[in-house]
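Step one of this worksheet: look at the structure below.
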Number of protein chains: 2
Amino acid sequence: MSRKKVTIRDIARESGVSVATVSRYLNKNSYTSPETEKKIQKVMERFQYTPNAIARGLAKQKSNTIAFVTPDITNPFFPELVNSIEKVAKAKGYSLLLINTNEQELQNLDFWNHFQSKYIDGFIMAESELNEKARRYLDEMEIPFVRIDRAVHPEHSNSVHVDNFEGARLAVRHLLEIGCKKVAHISGPNSLYPAQERLMGYQNVISNTKMTSIVLEGDFTLESGTAQTEKLLQEHPDVDGIFYANDLMAIGALKAFRAHQKSVPEDIAIMGFDGIRLTEIVHPEISTIKQPIDKIGETATNQLIHFIENPDEVCGENVLLKVELVERESTRR
Amino acid sequence: MSRKKVTIRDIARESGVSVATVSRYLNKNSYTSPETEKKIQKVMERFQYTPNAIARGLAKQKSNTIAFVTPDITNPFFPELVNSIEKVAKAKGYSLLLINTNEQELQNLDFWNHFQSKYIDGFIMAESELNEKARRYLDEMEIPFVRIDRAVHPEHSNSVHVDNFEGARLAVRHLLEIGCKKVAHISGPNSLYPAQERLMGYQNVISNTKMTSIVLEGDFTLESGTAQTEKLLQEHPDVDGIFYANDLMAIGALKAFRAHQKSVPEDIAIMGFDGIRLTEIVHPEISTIKQPIDKIGETATNQLIHFIENPDEVCGENVLLKVELVERESTRR
DNA sequence: TTGAAAGCGCTAACAT
DNA sequence: ATGTTAGCGCTTTCAA
């Protein structure tokens with residue numbers, strides 16, 4: 001038996017109906033009599049028919065593909081996130097395209113033209129920012145997207161967002177509860193909104209104590225965790241609790257503590273933020289504020305697909321998810 | 001200004017030529033006079049024309065997308081790999097689809113029908129195995145693919161493969177050189193060819209000494225690293241060197257050593273395999289046999305695209321890449 | 001409820 | 001060197 005690809009026309013001919021009827025059956029959007037449905041169904045099975053997605057895409061101007069756009073997929077947040085995004089997408093009949101591109105290029109209208117030329121139905125972005133021009137262009141082209149993680153910004157809607165402020169408060173209060181007397185914060189880049197929120201959470205709690213606020217700005221990388229901790233230990237050798245704006249920096253800090261013979265949690269207790277798996281792998285295991293990563297991916301994807309399929313519902317909401325304190329060795333006294 | 005999408009017909013009309021000429025210009029596969037080229041070029045720029053990828057796909061039966069197929073993208077190997085795959089793919093005009101699916105489903109012909117219905121041009125797989133039926137089907141459909149990492153198997157060609165045997169030998173010899181007297185191996189699953197090769201490398205070196213071979217089978221997970229190390233310490237408390245078939249298990253082992261108050265490298269020296277970034281993050285930093293991850297991704301992608309674009313060259317080669325010893329704290333005496 | 005036919009936007013013979 | 005035209009496989013009016 002030759003593997004000639006079977007088309008809708010073959011199915012139509014073989015079932016004795018027109019292609020239009022077969023198409024209707026396929027799309028279940030118009031009535032078809034039960035009998036013809038049965039017939040078509042049978043024939044499709046016999047021929048192992050699978051409608052051609054590309055042809056469909058061309059006719060409907062829709063690819064049933066969404067994209068995940070990021071400048072750096074080695075961000076440790078990424079794999080789990082993609083997992084849940086892909087899961088939901090697949091369940092709803094969408095494929096996931098991975099697009100690795102820098103912030104620069106996202107401002108380029110050509111980039112979006114190519115994007116549209118594939119009829120990509122929408123995308124999720126986790127890190128970059130779009131300038132005014134790009135946003136307007138996307139708007140004209142009616143390509144929906146949702147922001148998560150570092151891409152969240154209060155000026156823009158359509159995002160899935162976690163409670164960074166409350167999370168930071170949880171973290172700092174936890175440090176106070178276990179008896180820390182001098183608590184510092186290594187923040188994320190000030191330009192990022194989630195980093196600002198975490199900083200504000202820290203300050204909010206500290207301002208209700210007699211402590212003074214000690215903040216150094218990091219950049220969310222492992223290396224900056226090590227470096228800023230070094231600096232902090234230099235300037236304030238008596239710090240006994242540190243809240244890091246993300247887990248990676250907290251993990252990087254461990255190297256600095258080792259160099260300074262400080263033991264965690266005995267000399268200094270530390271908290272991270274994110275809940276990446278790495279926190280359980282290092283020693284000591286790091287206490288953290290855990291984000292519901294799967295839920296973020298799921299919610300974002302559901303929301304995106306909702307927009308795609310209901311373009312009329314103009315304005316998207318912002319979802320806010322809860323975070324949770326996870327206590328581990330780094331704060332166990 | 002309305003954003004009506006501009007098509008090849010608009011460009012043709014506006015440049016005073018036929019669509020065929022524009023198409024030729026686009027595909028640069030037939031001659032067009034320099035003058036008309038200039039004209040067309042101008043018009044395209046003026047209209048910001050981007051050819052519709054879906055329409056092209058339908059006509060050429062080709063989507064210019066490749067897929068990365070894996071059952072578990074949280075495999076720590078993944079992000080860096082995808083990075084290099086995507087980079088090469090993009091440079092050659094291909095997009096990357098991420099497909100998360102279990103081994104089970106890969107045997108399902110419907111899965112491949114859907115795959116084909118999108119005109120996916122080829123794929124890379126890193127972990128699963130395909131049964132005879134699926135392989136034949138792919139063959140009939142002429143969907144090329146290449147195997148890397150755990151999916152490599154000596155019975156199949158078209159793979160990019162590292163020198164596991166030699167790598168294992170390097171690792172074990174290194175342990176001997178730093179003075180280990182009793183060296184054990186925690187292997188990967190026996191069912192996986194790369195794991196077998198690493199095991200053979202271990203045995204090869206050990207057989208040239210007066211030592212006896214001590215091997216426990218792990219499964220490449222962090223947890224199994226901890227568990228098998230526990231077991232090993234129970235059975236052979238005097239082991240003073242361990243070669244782990246991958247980094248993750250070596251990292252998991254650290255927990256076991258801590259529990260048994262064994263210090264690394266003083267009491268026991270350990271080596272991993274892979275060269276994932278994590279080995280530099282934990283303490284002590286783990287010596288390892290580093291695979292050229294980027295190169296694997298690049299080579300695999302280049303090879304895949306080569307097959308896609310030269311379907312005539314029937315039989316694919318197997319590329320073998322070198323590995324490299326990286327000495328870190330875990331073997332520094 | 002079903003069919004005929006005109007697209008969707010591009011490619012690739014075949015002509016000229 | 002360029003134009004005509006018939007697809008690629010499916011969807012969607014419009015009629016019946």
Side-chain angles (χ1 to χ4, degrees), chain A residues 3-41 43-44 47-64 93 113-121 141, chain B residues 3-41 43-44 47-64 93 113-121 141:
Chain A
R3 284 226 53 64
K4 286 232 46 72
K5 53 194 132 297
V6 6
T7 76
I8 197 175
R9 250 180 284 274
D10 300 318
I11 302 301
R13 182 178 5 82
E14 214 66 23
S15 346
V17 298
S18 73
V19 294
T21 304
V22 177
S23 175
R24 278 183 208 106
Y25 172 70
L26 237 33
N27 294 285
K28 308 200 178 308
N29 51 8
S30 181
Y31 280 117
T32 23
S33 82
E35 304 105 68
T36 46
E37 292 200 355
K38 295 285 164 289
K39 258 191 303 183
I40 295 176
Q41 150 92 337
V43 177
M44 283 187 175
F47 282 69
Q48 283 219 62
Y49 171 70
T50 311
N52 182 303
I54 297 286
R56 261 183 138 160
L58 182 59
K60 300 175 83 153
Q61 321 249 89
K62 179 166 189 319
S63 64
N64 272 47
N113 282 337
H114 278 107
F115 207 86
Q116 191 196 38
S117 98
K118 299 198 149 186
Y119 293 142
I120 304 293
D121 302 317
M141 304 206 286
Chain B
R3 285 225 57 63
K4 287 231 46 71
K5 52 195 131 301
V6 8
T7 77
I8 197 174
R9 250 180 284 275
D10 300 319
I11 303 300
R13 182 177 7 83
E14 214 66 23
S15 349
V17 299
S18 74
V19 292
T21 303
V22 179
S23 175
R24 277 184 208 106
Y25 172 71
L26 238 31
N27 295 285
K28 309 202 179 307
N29 50 9
S30 181
Y31 280 117
T32 24
S33 84
E35 303 105 69
T36 47
E37 293 201 354
K38 295 284 163 292
K39 257 191 305 184
I40 296 176
Q41 151 91 338
V43 177
M44 283 187 174
F47 282 68
Q48 284 218 63
Y49 171 70
T50 311
N52 182 304
I54 296 286
R56 262 183 138 159
L58 181 58
K60 301 176 83 153
Q61 322 248 88
K62 178 167 190 319
S63 64
N64 272 45
N113 282 337
H114 278 106
F115 208 86
Q116 192 197 38
S117 99
K118 299 199 147 185
Y119 291 142
I120 305 294
D121 301 316
M141 305 206 287

Rounded to the nearest 0.5 angstrom, the CD-CD1 distance for Gln116(B) and Ile54(A) is 11.5 Å
The reported gap from OG1 in Thr32(B) to CD in Gln41(B) (rounded to nearest 0.5 angstrom) is 11.5 Å
Expected list for residues 21-32 of chain B near DNA chain D, using heavy atoms below 4.0 Å, is Thr21(B), Arg24(B), Tyr31(B), Thr32(B)
(request) Check step by step if side chain to side chain contact (heavy atoms under 4.5 Å, CB included) holds for Val22(B) and Val17(B). (result) CA-CA 7 Å; Val22(B) 179; Val17(B) 299; 3.8 Å; yes
Counted 5' to 3', the first and last nucleotides of DNA chain C within 4.0 Å (strictly under) of a heavy-atom of chain B are dG9(C) to dA13(C)
Point to revise | Minimum side-chain heavy-atom gap Asn27(A)-Lys60(A) below 4.5 Å | key: yes
Overall bend of the helix from dT1(C)-dA16(D) to dT16(C)-dA1(D) (five pairs an end, 10° steps) is 30°
Determine whether the side chains of Asp10(B) and Tyr49(B) contain a donor N or O and an acceptor N or O closer than 3.5 Å.
no
Rounding to 0.5 Å, atoms NZ (Lys39(A)) and OG (Ser33(A)) come to a distance of 7.5 Å
Discussion item. Just so I know, are the side chains of Thr36(B) and Ser15(B) near enough to count as touching, which here means a heavy-atom distance under 4.5 Å?
Written reply: no
Counted 5' to 3', the first and last nucleotides of DNA chain D within 4.0 Å (strictly under) of a heavy-atom of chain B are dA1(D) to dG9(D)
Distance col, row Ile11(A):CD1 vs Ser23(A):OG, nearest 0.5 angstrom, shows 12.5 Å
| said: Pairing donors with acceptors under 3.5 angstrom, does anything connect the side chains of Asn113(B) and Lys5(A)? | reply: no
Has Ser63(B) got a side-chain atom pairing as donor or acceptor with Tyr119(B)'s backbone, closer than 3.5 angstrom?
yes
Note: for Ala20(A) and Ser33(B) on DNA chain D, the residue whose nearest nucleotide lies more 5' is Ser33(B)
Applying salt bridge (Lys or Arg N to Asp or Glu O under 4.0 Å) to Lys62(B) and not counting sequence neighbours gives Asp121(B)
Rounded to the nearest 0.5 Å, the CE atom of Met141(A) sits from the CD1 atom of Ile120(A) at a distance of 11.0 Å
Does the side chain of Glu37(B) come under 3.5 Å of the side chain of Tyr25(B) through a donor N or O and an acceptor N or O?
no
Here the residues of residues 52-61 of chain B within 4.0 Å heavy-atom distance, strictly under, of DNA chain C are Asn52(B), Ala55(B), Arg56(B), Ala59(B), Lys60(B)
### Task
Check whether any side-chain N or O of Asn64(B) sits under 3.5 Å from a backbone N or O of Gly93(B) as a donor-acceptor pair, and report yes or no.
yes
When rounded to the nearest 0.5 Å, the distance separating CG of Leu26(B) from OG1 of Thr21(B) is 11.5 Å
